[in-house]
Amino acid sequence: MRYGKKTAALLLAGLVGTAALIPANTAWAATGWVQEGSHWKYLDGDGSVHKGWVKTSDGTFYYLDLTTGIMATGWKQINGNWYYFHSNGSMATKWIKDGGKYYYLMDDTGVLVKGWLKIGSSYYYMKGDGAMATGWREMDNGWFYFKEDGTCTLGWGKVGNDWFYFGSDGKMVTGWKQIDNAYYYLNADSKSVLGKMMTGWLSDGTNKYYMDTSNGKMAHGWKQIEGSYYYFSDSGHMTTGWIQLSGVYYYLDPSTGKMAANTTLTIDGKSYSFGSNGAYQNGSSGTPAGTTGSNAPGDTGSNSNTTAPGGTSTTNSGGPGGSSTGANNLSSPPTSQTNDTPGGTSNPSGSGTYQLAPGLTNGPG
């Protein structure tokens with residue numbers, strides 16, 4: 001028995017001595033994540049320090065520095081592409097926020113996106129450093145507006161107190177624009193806020209127009225403005241002088257365009273009387289040629305020829321762009337946000353008449 005115990009003791013001593021000679025990084029060592037100070041490394045099955053990409057059993061990607069094997073966190077450029085790794089080392093995908101800015105990493109590869117980005121039906125623009133653009137941005141020979149959530153504005157968009165319109169390509173529109181059979185004027189004058197929807201009186205130097213102060217639509221037909229009636233042709237031109245609508249004559253002041261009503265005027269040396277609805281009263285001296293009627297402003301009938309007694313036509317076919325206007329309906333809001341179409345909050349452009357001016361030389365506001 002004493003011999004057996006001695007033999008066993010010698011064998012055990014031999015095993016312990018052998019184990020002491022095995023390097024710590026062999027298969028006898030732990031595999032997977034190990035911490036060294038404040039850094040993490042990953043050991044392969046043979047105990048060696050892993051370098052480069054590693055995908056763990058749960059499908060998460062990590063990156064270990066090619067020189068040190070230290071796990072990457074934060075931004076890391078790899079083979080010319082930028083990636084972002086969370087504080088636990090996992091590779092980020094989709095949206096991240098870093099330093100108060102938003103970035104987008106490709107869903108499948110984790111590569112930082114730059115340039116245009118489409119998610120669902122929304123468009124975003126990621127700048128040269130990858131940060132999501134917000135606010136006004138000039139590029140591709142046009143102006144774009146990106147909301148606070150980064151989505152590119154399409155259709156009507158309100159910025160501050162002003163309304164703007166953006167085409168299907170996202171570019172801000174200037175000048176005349178027909179939207180759902182109504183005409184609007186988006187400022188093309190660099191002396192004011194470029195692209196904003198204009199309201200109130202406008203002039204192109206030859207003709208005057210009136211854009212509704214509540215929704216920006218160009219007036220045509222009868223329009224009551226500050227207690228007086230005016231008449232605008234299909235092209236939006238304010239009409240002056242004599243007009244005839246459905247056999248009824250009206251007179252619009254040559255300088256102001258206001259319809260004569262409840263008054264008697266001397267025109268070209270002859271006396272004419274007008275009722276409360278503006279219709280020329282049959283029987284006064286100097287009766288204009290043609291038949292009379294009793295329809296009031298706003299009841300324009302068939303909009304027959306509006307030739308004045310002097311023979312000068314005041315009718316203009318087509319809208320500002322050359323085609324006839326029809327029903328005045330606003331386009332649908334581009335998003336589900338409230339108050340997302342013009343109307344209700346816009347202020348008149350001020351007293352007097354705004355002079356239209358061509359040119360696209362400055363950015364908005």
Side-chain angles (χ1 to χ4, degrees), residues 75 77 80-84 93-180 182-198 216 319-323 330-337 340-342 346 356-365:
W75 290 106
Q77 189 175 32
N81 295 315
W82 283 97
Y83 299 80
Y84 187 85
T93 60
K94 299 184 177 179
W95 291 107
I96 66 162
K97 186 178 182 181
D98 181 54
K101 298 179 181 179
Y102 284 94
Y103 302 83
Y104 194 86
L105 295 310
M106 292 294 289
D107 296 7
D108 51 351
T109 64
V111 173
L112 176 69
V113 175
K114 298 180 182 181
W116 285 104
L117 169 67
K118 183 180 182 183
I119 302 176
S121 59
S122 298
Y123 287 89
Y124 303 80
Y125 189 80
M126 317 307 288
K127 297 184 289 188
D129 61 354
M132 181 187 77
T134 58
W136 289 106
R137 185 169 181 83
E138 185 181 19
M139 57 188 183
D140 298 334
N141 298 315
W143 282 94
F144 299 78
Y145 187 78
F146 298 91
K147 301 174 186 176
E148 289 186 6
D149 63 1
T151 54
C152 180
T153 305
L154 303 175
W156 288 109
K158 191 176 184 183
V159 183
N161 293 321
D162 298 321
W163 283 98
F164 300 81
Y165 190 82
F166 302 85
S168 59
D169 60 356
K171 291 183 180 179
M172 182 189 74
V173 175
T174 61
W176 289 107
K177 178 67 176 178
Q178 185 179 17
I179 304 169
D180 290 344
Y183 278 94
Y184 302 82
Y185 188 78
L186 294 313
N187 183 38
D189 184 1
S190 61
K191 297 177 182 178
S192 184
V193 180
L194 192 67
K196 82 169 183 177
M197 182 189 76
M198 302 299 292
S323 59
L330 283 175
S331 59
S332 299
T335 68
S336 60
Q337 296 178 2
D340 212 16
T341 53
S346 297
L356 306 185
L360 181 63
T361 58
N362 282 331

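Fair warning: this is a prediction, and the values are worked out from it, not measured in the lab. Keep in mind that the numbers below use all heavy atoms, side chains included, and drop hydrogens, waters and symmetry copies.
Here NZ of Lys114 is found 7.5 Å from CG of Asp129. Values are rounded to the nearest 0.5 Å. To the nearest 0.5 Å, atoms CD (Glu148) and CE (Met132) are separated by 9.5 Å. With rounding to the nearest 0.5 angstrom, the OH atom of Tyr84 is 5.5 Å from the CD1 atom of Ile96. Rounding to the nearest 0.5 Å gives a distance of 11.0 Å between CG of Leu105 and CG of Asn81. To the nearest 0.5 angstrom, Lys196 atom NZ is 11.5 Å from Leu186 atom CG. Summarising the geometry, atom CE belonging to Met126 is positioned 7.0 Å from atom CG belonging to Leu112; distances are rounded to the nearest 0.5 Å.
In this structure, the side chains of Tyr123 and Phe144 stay at 4.5 Å or more apart for every pair of heavy atoms. Taking 4.5 Å as the limit, some side-chain heavy atom of Cys152 sits within range of a side-chain heavy atom of Trp116. Within the 4.5 Å cutoff, the side chain of Lys94 has heavy atoms near those of the Asp107 side chain. Looking only at side-chain heavy atoms (C-beta outward), Val113 and Tyr124 stay at 4.5 Å or farther from each other. Side-chain contact between Tyr183 and Lys177: absent, with no pair of heavy atoms (C-beta onward) separated by less than 4.5 Å. In this structure the side chain of Tyr104 reaches within 4.5 angstrom of the side chain of Ile119, judged on heavy atoms. Between Trp143 and Thr174, the closest side-chain pair of non-hydrogen atoms is not below 4.5 Å. Taking 4.5 Å as the limit, some side-chain heavy atom of Leu194 sits within range of a side-chain heavy atom of Met172.
Under the 3.5 Å distance criterion, the side-chain polar atoms of Lys171 are matched with a main-chain donor or acceptor of Asp140. Side-chain N or O atoms of Thr151 include none that pairs as donor or acceptor with a backbone N or O of Ser122 at under 3.5 Å.
Here the closest heavy-atom approach between residue Lys118 and residue Ser121 is recorded as CE-CA, 4.4 Å. When every heavy atom of Tyr83 is checked against every heavy atom of Thr109, the shortest pair comes out as CE2-O, 3.3 Å. Nearest heavy-atom pair, Phe164 versus Trp156, reported as atom, atom and distance to 0.1 Å: O-CE3, 3.2 Å. Here the closest non-hydrogen pair linking Met198 and Asn187 is SD-CB, 3.6 Å.
Between Phe166 and Trp136, the ring-plane angle classifies as tilted under the 30° and 60° cut-offs. Classified by interplanar angle (parallel below 30°, tilted 30° to 60°, perpendicular above 60°), the ring pair Phe146/Tyr125 is tilted.
The 12-atom threshold is not exceeded at CE of Met106, counting heavy atoms of other residues, nucleotides or ligands nearer than 6.0 Å.
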